[in-house]
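The structure displayed is predicted, hence computed values, not measured ones. If you read the sequence from its start, that first residue is 1, and numbering goes on from there.
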Amino acid sequence: MPGAVDDIAAEMGIDAAEIASRKAFLELTEADAGHLRGIRGKLAAAQNGFADGFYEYLRQLPELAALLPDDATVARLKAAHGRYFASLTEGDYGDAYVAGRLRVGMTHARIGLTPKWYVGAFRKYLSDMLQATWTASGGDFAAFAPVFDALLKVVMLDLGLTLDTYIHADKRAIALRDRAIESSVNGIFIAAAAPDDCRLIYINAAFSQIIGTPRDKVLGQPCLCTGDDDGFAVIRSAIAEGRDGYTTLSRQRSDGSQQWIELFLSPVRGDADSVSHYVGVLNDVTARKEAEGQLAFLANHDALTNLPNRSLFDDRLRQALARADRGTGFAVCFIDLDRFKLINDSLGHAAGDAVLIEVAQRLAAVCRSADTLARLAGDEFVMLLEGMHDAGVAAGIAGRILAALAPPVHAGGRDIDVAASLGLALYPDDGGDIDSLLRNADAAMYAAKAAGRNTFRFYDEAMNRRASQRLALETDLRRAVVRGQLELFYQPQIRSADGRLAGVEALLRWRHPERGLVSPIEFIPLAEEAGIITELGEWALAEAARQIVAWRRQGVAVPRMAVNLSPRQFHAADLADRVERILAAAGAANEWIELEITESAAMAHPEGAVQVLRRLRARGIHVAMDDFGTGHSSLAMLRTLPLNVLKLDRSFVQHLPESETDAAVASAVVTLARRLGLSVVAEGVETEAQKHFLADIGCDLLQGFLFARPLPAGEFEAWLARAYPS
């Protein structure tokens with residue numbers, strides 16, 4: 001019995017001893033084999049005749065006709081039966097014969113011919129052979145009886161072998177199913193339908209693993225799906241109605257942690273269609289539920305601070321509006337950090353993020369339990385203050401917010417001063433819907449910035465008008481470069497020793513088509529907040545470089561052009577490369593240009609400032625520190641900065657020489673600069689007395705209205721011609 005048949009025979013325990021035992025029970029002897037061999041030739045002539053009738057009969061039954069779809073199939077089976085008939089009467093019923101019968105049984109099981117049809121077909125086959133055998137025996141019962149008895153014995157041997165293959169196939173299928181169920185990653189259980197607590201009679205290994213309880217402690221216990229928890233209501237209803245059920249259950253593990261289980265349950269029906277058992281499948285979906293919870297959290301919260309985001313805040317604000325209709329007032333407080341961009345630009349985004357996290361924690365500490373704090377974007381926060389019956393209570397909370405932000409925040413290896421501008425809008429006076437309340441609180445916040453920052457303001461209608469004007473101005477400013485509305489004014493810097501021209505400062509101006517000249521005090525902060533200051537600054541540098549080249553070609557002797565850099569420009573990593581490209585495009589020598597940076601910009605990140613200044617100085621570009629004395633420079637840090645010039649702020653010049661304090665400061669700055677090898681420019685010189693005092697203390701250069709106001713290029717050329725006639 002080669003191949004698979006050998007394996008099947010071995011699995012079924014059908015060996016030579018088993019075959020001998022079966023033959024002995026059937027009383028199948030060599031004499032029977034001799035009877036069949038003796039009549040074989042006579043039966044062979046009749047075989048084709050009763051085979052035709054046999055298959056015609058089978059094709060009349062719908063269940064069997066499906067297995068005999070065409071004549072070719074029938075012809076093939078007739079040939080196979082011819083071979084079977086030959087072996088049936090051959091008289092050799094050893095190993096080869098048994099192997100053939102097992103092969104037939106396996107084939108029948110595989111194609112789906114069920115045992116009832118197989119036994120019925122065999123009955124038909126034998127009935128048809130009965131007449132053929134009688135005829136072959138010459139109608140002599142004495143000759144017929146032993147032959148047909150032998151035929152019955154062999155056929156019963158065949159039938160037993162074939163039915164054994166069916167039984168074996170069923171056992172293999174059941175074993176495969178059991179192994180699949182037992183090795184499944186899903187928890188599978190069977191519970192008895194009675195009693196009412198549906199006790200477990202089977203669980204697989206995964207079930208035990210999922211619920212964390214050994215199998216021997218689970219079997220015989222009430223089914224998991226009969227708990228008293230509300231989460232089981234769907235399953236209890238399915239059991240009561242005898243139908244499929246599905247739910248997701250929450251349970252507590254032995255270690256106290258929460259577990260989520262997905263449960264499917266189906267009834268198993270027995271006699272009279274009554275439910276005898278329940279089959280269930282359960283899966284541990286804790287990781288999925290936690291992921292869903294995390295996604296839901298992320299959808300409604302800011303990833304950096306874990307505060308509610310705009311979506312969740314709007315929902316809370318909607319709820320507050322609904323409650324307010326019942327007479328409960330509230331306020332919206334818009335919070336924007338002052339000069340936060342400078343922190344990001346100078347210390348990097350990691351330090352900026354650390355500041356935002358600390359600010360969020362401080363603001364949350366101010367929040368009352370009923371309030372909602374959210375981060376909208378960047379450095380913008382908003383707070384919903386519930387139960388605000390008057391502005392006084394809201395003002396008190398705003399004051400506590402400012403106080404909470406007053407201590408420095410430690411980030412980026414240093415202490416950083418943080419402040420904020422707050423805008424408050426009250427419901428219903430300042431708006432009756434989400435958009436108007438947020439818009440008006442935002443307008444109030446800008447009013448706080450305009451008032452000097454680090455303070456708060458309430459909304460009023462005038463504020464709204466100013467916000468609209470500011471928005472329109474910002475829109476116009478974004479288009480000013482391409483529309484050619486920007487220009488430079490020029491103010492001379494005079495040597496105190498001999499009154500000669502030492503240089504010119506280029507000052508950016510915006511000539512608005514309707515408003516005329518817009519003050520730099522108004523549009524420079526707007527450009528910084530709108531994020532377009534770099535574009536304006538680079539335009540100013542390019543125009544100043546082009547102008548000094550033009551003047552020098554015309555014979556106008558301007559030694560050096562000073563141009564202001566914004567903090568954002570100064571902290572750009574490729575500043576030196578950008579400056580050199582702009583100057584090269586204009587044809588200006590690097591030494592003709594002096595870049596002015598503010599003291600606060602340099603001191604925000606002094607280590608980085610040193611590197612930037614060194615790169616500029618290495619390319620022959622002069623650097624001046626503007627507004628010196630107004631920031632927080634340490635003398636030790638100032639000593640390390642590679643500067644060329646200090647510019648004494650006008651606030652120390654305007655009261656000279658009368659103010660002894662300002663006189664002392666001015667003298668100290670000049671002395672300090674000389675010790676550091678720097679030149680000093682005094683800004684805001686307006687009187688002869690100031691001029692003489694500054695000259696006497698050794699100030700190198702003077703700049704102010706005493707000599708000339710900032711002038712357009714043509715007027716500056718005319719002034720220069722008058723002041724220094726050739």
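The shortest side-chain heavy-atom distance between Val518 and Leu477 does not fall under the 4.5 Å cut-off. Looking only at side-chain heavy atoms (C-beta outward), Arg509 and Pro710 come within less than 4.5 Å of each other. Within the 4.5 Å cutoff, no side-chain heavy atoms of Arg288 are placed close to those of Asn283. Considering only heavy atoms from C-beta on, Gln569 comes within 4.5 Å of Glu538 through its side chain. Put simply, the side chain of Arg316 reaches to within 4.5 Å of the side chain of Leu312, judged on heavy atoms. A 4.5 Å side-chain heavy-atom check between Val610 and Leu641 finds at least one atom pair inside the cut-off. With contacts defined as side-chain heavy-atom distances shorter than 4.5 Å, the pair Leu711/Tyr490 does not qualify. Between Leu595 and Leu541, some side-chain heavy-atom pair lies under the 4.5 Å cut-off.
If you check the side chains of Asp626 and Thr598, you find no donor sitting under 3.5 Å from an acceptor. A donor and an acceptor atom, one from each side chain of His301 and Asn309, are nowhere located under 3.5 Å apart. The closest side-chain donor-acceptor pair between Lys647 and Gln703 falls under 3.5 angstrom. Residues Glu528 and Ser566 bring no donor and acceptor atom of their side chains to less than 3.5 Å of each other.
Counting heavy atoms of neighbouring residues, nucleotides and ligands inside a 6.0 Å radius, atom CZ of Arg253 exceeds 12 of them.
Checked against Glu262 for a side chain to side chain contact (heavy atoms under 4.5 Å, CB included), the options Val281, Val285, Thr247 give a single hit: Val285.
At least one donor-acceptor pair under 3.5 Å links the side chain of Asp371 to the backbone N or O of Glu386. Of the possible donor and acceptor atoms, one in the side chain of Thr286 sits under 3.5 Å from a partner among the backbone N and O of Trp260. Asp649 places no side-chain N or O within donor-acceptor distance of the main-chain N or O of Phe652, the cut-off being under 3.5 Å. When atom types are taken as modelled, the side chain of Arg478 and the backbone of Ile532 share no donor-acceptor pair closer than 3.5 angstrom. With hydrogens and angles ignored, the 3.5 Å screen pairs no side-chain donor or acceptor of Asp574 with any backbone N or O of Asp577. Judged purely by atom type and a 3.5 angstrom limit, Arg362 uses its side chain to pair as donor or acceptor with the backbone of Pro407. Side-chain N or O atoms of Arg568 include none that pairs as donor or acceptor with a backbone N or O of His571 at under 3.5 Å. The closest donor-acceptor contact from the side chain of Glu487 to the backbone of Ala713 lies at 3.5 Å or more, if one exists at all. No donor-acceptor pair under 3.5 Å is formed between the side chain of Arg511 and the backbone N or O of Leu517.
How far CZ of Phe458 is from CG of Leu422: 10.0 Å, rounded to the nearest 0.5 Å. Residue Leu405 holds its CG atom at 8.0 Å from CG of Asn454, rounded to the nearest 0.5 Å. How far OH of Tyr427 is from CG of Leu385: 16.0 Å, rounded to the nearest 0.5 Å. Here the OG-CG distance, from Ser311 to Asp302, works out to 13.0 Å after rounding to the nearest 0.5 Å. In this structure, the separation between CZ on Arg375 and CD on Glu380 is 9.5 Å, given to the nearest 0.5 Å. From Trp510, atom CH2 reaches atom CG of Leu536 across 9.5 Å, with rounding to the nearest 0.5 Å.
The shortest heavy-atom contact between Asn344 and Gly352 is OD1-CA, 3.4 Å. Annotation for Val653 and Ala682: closest pair CG2-CB, 4.3 Å, computed over non-hydrogen atoms. The minimum heavy-atom distance linking Leu363 with Phe381 is given by the pair CD1-CG, 3.8 Å. Across every non-hydrogen atom of Leu424 and Ala394, the tightest pair is CD2-CB, 3.9 Å. Leu486 approaches Trp539 most closely through the heavy-atom pair O-CH2, 3.3 Å. Nearest heavy-atom pair, Ala411 versus Leu347, reported as atom, atom and distance to 0.1 Å: O-CD1, 4.5 Å.
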The test is side chain to side chain contact (heavy atoms under 4.5 Å, CB included); show your working for Phe330 and Leu437 and say whether it passes.
CA-CA 11 Å; Phe330 64 87; Leu437 284 167; 3.8 Å; yes
Tell me, with the steps shown, if Ile401 and Phe456 meet side chain to side chain contact (heavy atoms under 4.5 Å, CB included).
CA-CA 10 Å; Ile401 291 173; Phe456 66 88; over 6 Å; no
Verify salt bridge (Lys or Arg N to Asp or Glu O under 4.0 Å) between Asp314 and Arg310, making sure each step is shown before the conclusion.
CA-CA 6 Å; Asp314 284 355; Arg310 174 64 185 267; 2.9 Å; yes
Applying side chain to side chain contact (heavy atoms under 4.5 Å, CB included), run through Ile210 and Gln259 and close with a yes or a no.
CA-CA 9 Å; Ile210 288 171; Gln259 181 184 34; 3.9 Å; yes
What's the verdict on side chain to side chain contact (heavy atoms under 4.5 Å, CB included) for Glu505 and Asn564, showing C-alpha distance, side-chain angles and the deciding distance?
CA-CA 8 Å; Glu505 182 177 5; Asn564 291 283; 3.1 Å; yes
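The ring pair (Phe, Tyr, Trp, His ring centres under 6.0 Å) test applied to Phe264 returns Tyr246, not counting sequence neighbours.
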Enumerate, atom names and distances included, each donor-acceptor pair closer than 3.5 Å involving a side-chain atom of residues 442-450, sequence neighbours excluded.
from: Lys449; atom 1: NZ; to: Asp336; atom 2: OD2; distance (Å): 3.0
from: Lys449; atom 1: NZ; to: Asp338; atom 2: OD1; distance (Å): 2.9

